[in-house]
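In what follows, a single structure is set out as structure tokens and then discussed.
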There are 2 protein chains.
Amino acid sequence: MRDYIENADFEETGFSYTLSLISGKYKMIILYCLMEYQPVRFNELQRYLGKISDKTLSQNLKELEKDELIHREAYPQIPPKVEYSLTERGKSLMVVLDQLCIWGTENRK
Amino acid sequence: MRDYIENADFEETGFSYTLSLISGKYKMIILYCLMEYQPVRFNELQRYLGKISDKTLSQNLKELEKDELIHREAYPQIPPKVEYSLTERGKSLMVVLDQLCIWGTENRK
DNA sequence: CAGCATCCTCTTTGATACTG
DNA sequence: CAGTATCAAAGAGGATGCTG
């Protein structure tokens, strides 16, 4: 007979950790966009994401930066210019997420 | 100079399709639990997921079943018994998602 | 252009009660 | 046990206006 399974089991998994970095409506899409087009500017991301608000995009980017998945490069000029790109850590994650893309292509209905 | 990038680009990707199947707060965790412990009963899932409500769990399971990632097997007895497990399609997706688990273990901080 | 601040909407999730 | 129905709450996300 199997042991009791409980929530603590999940929270210790690497899966739980990874999800904490990329969950939310937009983060994976942002990462995907960077993978395809980096470096990418704020406006370009906004257009790519459809109708995301400034606030939400900015918030997501900050979290991704804090988690060291993306890099923010600000050019001190007017008008401002900021470019986002993947860090090495971010790139290594995208190697895995890209498999989800392939799975989707092969298993679409 | 790069072409304009837009939202339509993303919606055509396999990535977008895959995300549509597994996005939400619980779906990936449910799939992960099934991968580890299948077959799993309703109550066991609920315990594993922490404090998910009946309604939310039931709703998520229905969607996963509709998308043919999981299989629902009901035993006609009282008290009722229902077991959930991965379909072949679900298993093939988990091969990929399991990589996220490995990435998380290796890149945890 | 790339944001921030404020306020507001609305989807997602939860709590409670009930059933075969 | 495995749900469903109803109602309420929370939190994510959106709209608008403003700034260096």
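Per chain, numbering begins at 1; letters A, B, ... match sequence-line order.
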Given 3.5 Å as the limit, does a donor-acceptor pair link the side chain of B/R89 with the main chain of B/D67, or not?
yes

Could you check whether any side-chain N or O of B/N107 sits under 3.5 Å from a backbone N or O of B/W103, counting only pairs where one atom can act as donor and the other as acceptor?
yes

Considering just the side-chain nitrogens and oxygens of A/T56, establish if one lies under 4.0 Å of OP1 or OP2 belonging to D/dA12.
no

With a non-hydrogen cut-off below 4.0 angstrom, is A/Y26 in contact with a base, only sugar-phosphate, or nothing?
sugar-phosphate

Could you list by number each residue of residues 35-47 of chain A showing a heavy-atom separation from DNA chain D of less than 4.0 Å, or answer none if no residue does?
none

Heavy-atom donor-acceptor pair, A/S23 side chain to A/L19 backbone, under 3.5 Å:
yes

Do the side-chain N and O atoms of B/E73 and B/Y84 include a donor-acceptor pair separated by under 3.5 angstrom?
no

What's the CD-C1' distance between A/Q77 and C/dC1, to the nearest Å?
9 Å

Mind calculating the distance between CD (A/Q59) and P (C/dC4) to the nearest angstrom?
10 Å

For C/dC4, does OP1 or OP2 lie under 4.0 Å from any side-chain N or O of A/K62?
yes

For the residue pair B/E44 and A/Y4, confirm or rule out a side-chain donor-acceptor distance under 3.5 Å.
no

B/K25 NZ to D/dA12 C1': how many Å, rounded?
11 Å

Answer with base, sugar-phosphate or nothing: what part of the nucleic acid does A/Y75 contact at a heavy-atom distance below 4.0 Å?
nothing

Rounded to the nearest angstrom, tell me the gap between atom CG in A/N60 and atom P in C/dG3.
13 Å

Can you tell me how far C1' of C/dA2 sits from CD of A/E65, to the nearest Å?
14 Å

Interatomic distance where CG belongs to B/D54 and C1' belongs to C/dT13 [whole Å]
13 Å

No-H, no-angle donor-acceptor pair, A/K55 side chain to D/dG14 base, under 3.5 Å
yes

Within the 4.0 Å heavy-atom criterion, would you say A/I52 contacts the bases, only the backbone, or no part of the nucleic acid?
sugar-phosphate

What is the distance, to the nearest angstrom, from the CG atom on A/L57 to the C1' atom on C/dG3?
10 Å

I'd like to know if the side chain of B/T13 and the backbone of B/D9 have a donor-acceptor N/O pair within less than 3.5 Å.
no

Calculate the interatomic distance between B/E63 atom CD and C/dT11 atom C1'; express it in whole Å.
13 Å

Under 3.5 Å: donor-acceptor pair, side chain of B/S85, backbone of B/P39
no

Of the candidate nucleotides C/dG3, D/dG20, C/dA15, which contains the atom at the shortest distance from the side chain of B/S53?
C/dA15

